[in-house]
Each structure stands twice: as structure tokens, then as C-alpha cells.
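Each remark here refers to the structure printed beneath this line.
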Amino acid sequence: MATAKAADLVFEERKDFIMTKGKQKKNLKCDSDSLAGCVSQRACVYCGARVVLNPITDAVHLVHGPIGCSSYTWDIRGSLTSGPDLYRFSFSTDLKEEDVIFGGEKKLALAIDELVEKYHPKLVLVYSTCIVGVIGDDLEAVCKAASKKHGIEVIPVQSSGFIGNKSAGYRAACDALLRLIKPDGIRLKKTSSINYLGDFNLAGEVWIIKNYLRRLGIHVNVAFTGDSRFETLKTATRASLNMVQCAGSMIYLAQKMEEIYQIPYLNISFLGLEDTAASLRKTASFFNDESITASAEELIKKETAVVMEDIRWYKEKLQGKKAAIYVGGGFKAISLIKQFREIGIDVVMIGTQTGREEEYQTINDLVDEGAVVLDDANPSELEKFMVEKGAHLLVGGVKERPLAYKLGVAFIDHNHDRKHPLSGFVGAVNFAREVYSTLCSPVWKYV
Amino acid sequence: MLDCTSKEIRKRAGGAINPAKTCQPIGAMYAALGIHKCLPHSHGSQGCCSYHRMHLTRHFREPVMASTSSFTEGASVFGGSANLKTAIKNVFAIYNPDVMAVHTTCLSETIGDDIPSIIKTSEVPEGKLVIHANTPSYQGSHITGFSNMVKGMVNYLSRATTEVKKEQVNIIPGFVNPGDMREIKGIVEAMGIKYIMFPDTSGVMDSPLTGRSVMYPGGGAKVEDIADAGNSKITLALGSYASSDAAHLLERNCGVPEMVLKTPIGIKATDQFLMALRQGFVKKIPYQMEEERGQLVDILTDTHYHFHGKKAALFGDPDVVIGLTEFLLSMGMKPVHVLTGTPGGVIGATVGDFEKEIKELLSISGIDGRVKAGGDLFDLHQWIKNEPVDLLIGNTYGKYIARAEDIPFVRVGFPILDRSVHSYLPIVGYRGAMRLVEMISGALLDRADRDAAEEDFELVM
């Protein structure tokens with residue numbers, strides 16, 4: 001059968017991207033271009049840039065290109081807002097054949113004019129798509145002119161799809177953000193004000209973390225980019241620390257801000273009890289302030305107590321189950337391994353779309369002997385290893401869900417389609433509940 | 001929320017706000033999934049392929065397999081020929097489909113890759129096929145892309161090999177759900193007529209869960225059948241936008257007469273579909289179909305007072321919207337706003353004029369409605385603000401307008417991302433019409449119940 005054949009075979013060229021812990025000595029290959037002809041689960045530069053910037057709630061997000069790129073990204077992120085909702089509208093220059101032949105600059109300028117007149121935004125982000133890179137529209141010039149004309153920020157995002165993978169898009173987004181951030185002179189030395197990077201407020205996760213930090217006496221100046229607005233993003237240099245949750249998308253911005261504005265950064269993770277507690281302690285110790293440290297300990301103690309009984313209950317039910325993980329970045333993968341351990345589940349297969357070498361090293365240190373680690377996997381590989389390793393559950397995104405279901409394997413979305421916050425102590429319980437409700441659903445009896 | 005739409009209508013020229021269409025390649029990908037053991041291939045950046053698979057997966061809740069040429073900066077400077085050649089080699093070596101269906105993207109079209117020449121000089125294993133369609137994203141819409149890929153199937157696969165045409169009908173179903181394709185096949189089978197349907201995504205995009213992983217589910221039109229379509233007696237193209245170009249090509253290349261019909265939505269269009277089958281093959285309409293029609297008429301008379309005079313706004317893909325408009329009119333409703341995102345009169349396409357066709361339908365019923373091809377949902381929302389309606393029908397994106405204006409909303413079309421099961425059940429044929437009546441009356445009566453004052457809240461409606 002064709003299926004069996006496909007599953008048995010793994011591309012010769014793909015072998016360096018897959019390893020089994022305990023079997024190979026060399027490092028996993030990653031951060032390369034996908035193979036032509038692969039059913040890759042990866043996305044493009046534009047996708048990376050768009051998902052990072054889209055949560056800016058009061059901006060006009062204008063996609064310069066044919067309609068598709070704008071259609072597919074219309075309000076798919078699940079980032080919540082505390083007010084403005086302009087970011088949930090889909091704006092496209094909807095380039096047609098004549099624009100491709102004669103250039104799209106005029107239409108872009110016109111689109112900006114019309115949108116500014118209609119919505120009076122303070123910020124317009126103009127995303128470049130594949131075709132713009134090829135027909136040679138001067139995005140910089142058009143944005144500069146529009147910015148001058150309307151007296152607002154019009155920032156180009158250099159996100160032509162073919163110039164790399166999703167990681168390059170994260171970088172393009174960070175570059176756009178860097179243009180936005182300008183020191184406003186109100187830099188307060190050594191305050192307890194921080195920026196929170198790499199949380200997109202899916203299901204309101206930023207709000208949970210902000211609340212925790214407030215209880216520690218730490219003020220979140222602005223989150224990048226969950227529930228953020230133009231005015232607050234501009235004040236980013238007022239913070240004395242950048243906390244980085246999703247390192248894959250935001251570490252570049254943190255590094256740049258350290259370089260340019262001497263704002264140090266900390267890698268933290270609020271996924272799972274262990275990492276949440278560790279991150280709160282790490283943050284507290286940065287400030288070297290006894291009251292913050294005491295508050296952190298109190299919060300950890302209190303919140304852990306609230307959720308521990310639930311977690312124990314789920315752990316009892318889930319003990320011995322095996323999970324497979326396929327997510328976007330390495331940072332999330334690492335936290336998930338620990339989080340699964342907290343509820344009694346072993347990770348037998350783990351992969352990412354865009355993990356980095358050091359992240360794969362950490363993953364390899366964390367997983368048990370025999371676990372399969374893979375970079376930029378295709379569906380056949382995911383299926384092969386899920387079956388081979390006897391996974392009961394897959395964690396992934398949109399495209400992986402039906403793959404798991406078809407195999408009779410449970411699934412949870414740890415991506416844009418999550419419906420409950422998965423951050424912090426409360427998120428750890430939500431996570432356990434989601435895992436339990438899919439793994440222990442009666443529907444699997446009929447497969 | 002999401003009420004960022006102003007009432008005052010001003011002319012716009014700078015692109016789309018809240019699109020009512022998407023780009024060609026996804027239509028081509030969906031069409032290609034309707035060939036048995038076919039792997040669609042996206043010749044462009046890997047993001048395109050990823051987006052199309054994601055979007056289709058969200059609508060159908062099924063795995064969608066498709067490969068990509070994974071363009072890099074080099075490919076877009078030097079051309080994508082090397083990428084496509086490597087892709088063809090890899091796809092057959094690993095995924096082993098019978099057919100690889102290549103579609104282009106805005107990127108590969110703009111850099112000007114000559115797909116037929118690349119295919120000719122590629123290593124394609126014995127007995128395997130590579131077909132292609134040009135699907136520049138900056139022309140038309142996903143419907144155009146679907147049409148182009150179906151045309152590609154005829155171009156590459158269909159041949160006239162017999163002197164006398166066979167007693168069989170070709171059915172090109174258009175961009176509809178697998179549930180619709182099953183219903184259409186059921187009707188032709190009930191008529192006792194041999195048929196070839198292509199593309200046919202039933203059994204692919206609604207495949208059963210078996211606990212085993214299958215790269216190529218059992219459904220889909222077989223290559224030998226698409227080839228044999230060149231020997232059929234007649235082609236019925238259902239929906240001019242998605243199907244007529246392929247039917248036309250089949251007539252030109254293989255001498256199979258074409259007949260372009262509406263997508264059989266509602267009683268009139270389904271009647272016409274049955275009549276076309278009966279005339280083409282001198283068959284009697286079977287009792288089963290007479291009974292279904294009679295049931296539908298019964299339902300319509302039982303419920304007509306719920307619908308009469310109700311104003312509706314509808315949007316979606318042109319073939320489906322044309323069928324729906326006709327059906328709503330036959331129910332006594334007033335479709336006062338009718339919009340499609342697909343432009344009318346696309347370069348190189350032979351399809352008709354959406355606006356003219358809808359206006360003719362409306363004028364027969366004495367309705368002066370707003371009609372637009374190539375519109376977007378910002379347009380539609382503005383129209384509704386200026387002339388409110390009792391019902392909105394369209395794809396998932398209509399929910400923003402429905403919420404902002406507090407209008408009952410029925411989900412029909414592509415994509416539907418927030419509800420399930422829809423792709424398994426038909427809107428075509430008499431039974432599809434029954435389902436539409438159930439959905440529409442359910443939405444209207446739920447609203448009546450919700451809004452009823454305590455003393456007006458009724459048990460029997």
C-alpha cells in the first residue's frame with residue numbers, strides 16, 4: 001500500500017533532521033530551508049511577521065499583495081483585546097494583473113490614504129508579500145511619503161514570503177517594532193517596570209501574567225504584542241527589563257533592545273507549574289528586592305495550593321500516557337515536556353517547525369531515552385513516529401489536528417486555536433483539563 | 001464589536017476591506033484533491049501551501065496533503081525550474097501519488113516559470129502523471145483557480161478515443177462540498193445514467209475515520225475516468241464560473257457537447273438539472289425524485305408564511321449565490337443585497353456576468369436590489385447599514401456583520417470555519433433545498449423566539 005510505503009521511507013535528505021535519543025552522537029540539523037517537494041508543515045516569512053504584529057490592536061494592518069495573504073490571516077490569531085479592534089479587520093491592496101505589470105505603489109499609497117481617512121489610525125503597518133519583492137515596489141518610499149503626508153507612523157514590514165521561513169518573519173516583525181520604539185526621554189532608572197515580550201494574549205494569557213506581576217509589585221509597561229497599542233509600544237524604552245516568553249519570535253528584539261537601549265532581558269516561561277514558579281523567582285531575583293521576593297514566594301505558594309489538588313487528580317487519571325509534540329518553536333516544546341511530566345505523561349516524540357540548535361540540545365537533555373526528536377517534520381514522519389512510539393496524544397496546530405484524529409489519537413491545540421489560556425498556574429489546570437478531556441473522551445472507543 | 005464600518009458609502013479604489021474571496025491557488029488545490037491518488041503541488045513559497053492546507057483543513061476538518069516547491073530567494077531570482085524538478089522527483093519517490101497536480105502562485109507567475117516545459121524535461125516515473133494549471137493569484141479568485149485546475153484535467157487527461165460517443169454523462173460539479181457531490185451523484189444514479197464526475201472530493205475530503213493513516217483516501221475521480229470523459233455523450237457543467245471553461249474545452253478538444261446549468265440549488269435549478277439528464281438520455285424521472293420534489297413542495301407550502309417578504313443579504317461564490325438567489329426568490333423572500341468577491345469577466349475566462357444574471361432574476365420578481373461582483377464585506381456591511389435585512393446568508397466571515405447588526409445568520413459556502421458537519425450535508429438537489437429551508441427557518445424562528453415578548457412567546461409556530 002502506498003501509505004505503508006510512504007511511512008516506511010524517510011527522505012534520505014531528511015535523515016539529519018531526525019534523531020532518536022541515545023542512538024546518535026551528532027547534533028540535530030535544523031534552521032535549514034525545507035526540501036522542495038516536501039509536504040512541509042512550515043509557513044513563510046509573511047506568516048511569521050503577521051502573527052507577531054497582528055495583536056497590535058489599534059493599528060491598520062495593510063497587506064500589500066494579491067488577496068490571498070490577507071484572506072488567510074484575517075482574524076485567525078485568537079489574540080484578545082481590551083479595547084480597540086481594528087486589528088480584526090482585513091485590509092489588502094488586492095493587487096490585480098495591471099498592478100503587477102505597472103507596479104503597485106500608487107494603489108498602495110491610495111489604500112493608505114483611504115484607510116487613514118476612514119479610521120484615523122496612529123500606526124499603519126504595511127506588509128510586503130512575495131510579489132512585492134519581485135515587482136520591485138519601493139515600500140520604504142511609499143510608507144515614508146504617507147507618513148509625512150498624514151503625520152502618523154507608516155511602517156513597512158519586509159516580509160516577502162520567499163526570503164526565508166517563519167523565523168525570518170519574526171525578525172522582520174521585530175525590525176518593524178524597533179522602528180516604532182524610540183526613547184522618549186522618560187527613561188526611569190531601575191524601576192520595577194518591565195516589558196513582557198513574546199506573549200500574544202491568546203485566550204487572554206497576557207492578562208494572567210500581568211496580574212501575577214502586579215501582585216509582585218512589578219508593573220508591565222507593555223506586552224509585545226498581545227493586547228498592545230501604538231502609544232504604549234512607543235514607550236518600551238521606559239522599562240528596566242525585558243522578559244521574554246516566546247524566545248523564537250522575540251529574542252531578536254530583546255537582544256537588539258539590550259544592544260541599543262541597554263535594557264537587559266530574561267528568558268522565562270509561564271507554561272506549567274514548574275516553569276511558572278521558576279520564572280517568577282527569576283524575575284524577582286533580578287530586582288533583588290526583598291519585598292518582591294517575598295511576594296513571589298507568597299504568590300507561588302498560594303496559587304500552587306489552589307491548583308495542586310486538581311493537578312493531582314488529573315495526574316492520577318493520566319499517568320502512563322504517552323504524548324507527541326509538534327509545535328512552532330523550541331521554547332514552547334521545552335516547557336511542554338516539563339508540563340507533561342507534571343501530569344504523569346511521557347513525551348515520546350517531539351518536533352518543531354523552527355527550533356534552534358541550542359533549544360534542540362535542551363530538548364534532547366530533557367526527554368527520555370528512545371524519544372524521537374525531529375525538525376520541520378512532514379505529515380508522514382509525524383504519523384510514522386506517533387504510531388511507532390505508541391503516542392496517545394498529539395499537541396500541535398491546525399494542520400496536525402486531523403492527522404492525529406485519523407489515527408485515533410487524541411489532540412490538543414497549543415497554537416492559535418487554543419480556547420483556554422494555558423499560561424500560569426490557572427493555565428496549567430486548563431492544560432491538564434484539555435488533555436484529560438481529549439484523552440479520556442468516550443469517542444475513542446468507537447475508532 | 002467589529003463595528004468599524006461606516007454607514008456613509010464612498011468610492012474606494014485602494015483595495016479590499018474584509019474580502020469575500022481568496023486567491024486562485026487554493027481553488028486549484030481543492031480541485032486537485034478531487035482526483036483519486038493525486039497530490040496537489042504548490043509552485044511557490046512554502047507559506048502559500050501552508051495557508052491553503054490550513055484553510056481547507058479548517059473548513060473540512062480533514063487532513064489536506066499537498067507539497068510545495070519551497071521557493072527561496074535564489075529561486076525567485078533564477079526561476080523556480082530547479083525547485084520544481086527536484087519536487088517532482090521527491091514527490092514520486094516518497095509520496096508516490098498517481099498524479100501530481102501543479103498549480104502556480106503569484107510569485108512563480110510573476111517570475112514567469114514555464115511549467116509545461118519544466119514538466120517535459122523532468123523525470124516522471126513510468127505510469128505517473130504530472131498535470132498543471134496556471135493560477136496567478138492576482139486574477140479572479142479561488143473559483144477561477146478551481147476552474148483552471150479542472151480545465152487542466154481536461155487538457156492533460158481527457159481524450160476522444162471512440163468513434164461513437166458512449167451513453168454516459170460528464171458532470172462537473174463546481175466548487176461545492178463533498179456532501180453536495182454525493183447528492184449530485186445520487187441523483188444521476190437514481191436516473192440510471194452512467195456518469196463521470198470530476199473533480200470529486202467525496203471520499204477524500206469527507207473520508208471516514210478508520211484508525212489507520214491513509215495518504216490517499218479511497219475517493220476522487222479516477223484518471224482513466226477523466227480520460228474517458230472525452231468519449232461521453234454530453235457534459236453538464238454545474239455553475240458557469242467554476243465549471244463552464246472545462247466543459248467548453250472538452251467540447252473543443254473531444255467534441256463532447258457542453259451544457260452549462262446553474263448549480264442545482266433550489267427547486268427550479270434542480271428541475272433543470274433533471275430535465276437536462278432526461279433529455280440527454282431519454283430516461284424517465286424515477287419515482288424517488290418525484291417523491292423528493294413533492295416533499296420539498298410540501299415543505300415550502302407548509303412554511304411559506306415564515307419567509308414571505310423577508311429581506312435577505314447574501315454573499316459568497318458566484319455559482320452558489322446565483323442558485324441561492326433563485327431559491328430565495330421562489331420562497332417569496334427578497335434578496336436585496338447580493339454580492340460575490342469573485343470579479344465578473346475575468347481575463348481569459350469565458351464566464352458570464354454575475355451582476356447581470358442576478359439583476360435579471362431580481363427584476364422578474366420586481367425587486368430592485370444592490371448587486372456586485374468583485375465586492376468585499378465592507379461593501380455588504382455598508383449596504384446593510386443603509387438598508388437593513390432580516391437574514392444574512394454567507395460564509396463564516398458573515399458572523400461579524402451578523403453580530404454588529406444583530407441579524408439572523410445562516411452559514412452557507414466556503415469557508416465555514418466555526419461550525420462543523422456542513423461539508424457532509426448537501427445544499428444541492430431537492431434534499432439540499434430541504435436542508436436550506438430548515439436552516440433558514442430555524443434561524444428566523446429562533447430569532448422570533450428570542451425577541452418575543454413573554455405574552456407573545458408561542459409554542460406552535
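In what follows, chains carry the letters A, B, and so on, assigned in the order in which the sequence lines appear, proteins first and then strands, with residues in each chain numbered from 1. Model, not experiment: these values are computed from the prediction. Atom set for the values below is all heavy atoms of this structure, side chains included, hydrogens, waters and symmetry mates excluded.
Without hydrogens or angle criteria, B:N90 side chain to A:A36 main chain gives a donor-acceptor distance under 3.5 Å. Although no hydrogens or angles enter the test, the distance criterion places no donor-acceptor pair under 3.5 Å between the side chain of B:E62 and the main chain of A:P402.
If you measure heavy-atom distances from B:I88 to chain A, you find no contacts under 4.5 Å at all. Of the atoms belonging to B:K85, not a single heavy atom falls under 4.5 Å from chain A. Proximity to chain B is absent for every atom of A:I101, based on heavy atoms less than 4.5 angstrom apart. Only the side chain of A:K118 comes within less than 4.5 Å of a heavy atom of chain B; its backbone N, CA, C and O stay farther away. Proximity to chain A involves both the backbone and the side chain of B:R12, based on heavy atoms less than 4.5 angstrom apart. Only the side chain of A:E117 has a heavy atom closer than 4.5 Å to any heavy atom of chain B. With a 4.5 angstrom heavy-atom cutoff, B:S45 touches chain A only via side-chain atoms. Only the side chain of B:F378 comes within contact range of chain A, judged by heavy atoms closer than 4.5 Å. For a residue to count as touching a neighbouring chain, one of its non-hydrogen atoms must lie under 4.5 Å from one of that chain's; by this rule A:T73 touches chain B with the side chain only. Neither the backbone nor the side chain of B:S42 comes within contact range of chain A; no heavy atom of the residue lies under 4.5 Å from a heavy atom of that chain. Residue contact with chain B, scored on non-hydrogen atoms closer than 4.5 Å, involves the backbone and the side chain of A:V398 alike. For chain B, no part of A:Y446 is nearby; none of its heavy atoms comes within less than 4.5 Å. Of the atoms belonging to B:T68, heavy atoms from both backbone and side chain fall under 4.5 Å from chain A.
Under the 30°/60° scheme for interplanar angles, the aromatic rings of B:Y397 and A:W74 are found to lie parallel.
When each of A:K107, A:E400, A:H64 is scored by its heavy-atom pairs under 4.5 Å with chain B, the top score falls to A:K107. Counting heavy-atom pairs under 4.5 Å between each of B:L107, B:N18, B:T22, B:T86 and chain A puts B:N18 at the top.
Side-chain contact between A:P66 and B:C106: present, with at least one pair of heavy atoms (C-beta onward) separated by less than 4.5 Å. Counting heavy atoms from C-beta on, the side chains of B:M65 and A:L403 come closer than 4.5 Å. Put simply, the side chain of B:S50 reaches to within 4.5 Å of the side chain of A:K399, judged on heavy atoms.
For the residue pair A:S380 / B:Y95, no side-chain donor-acceptor distance below 3.5 Å is found, with atom types taken as modelled.
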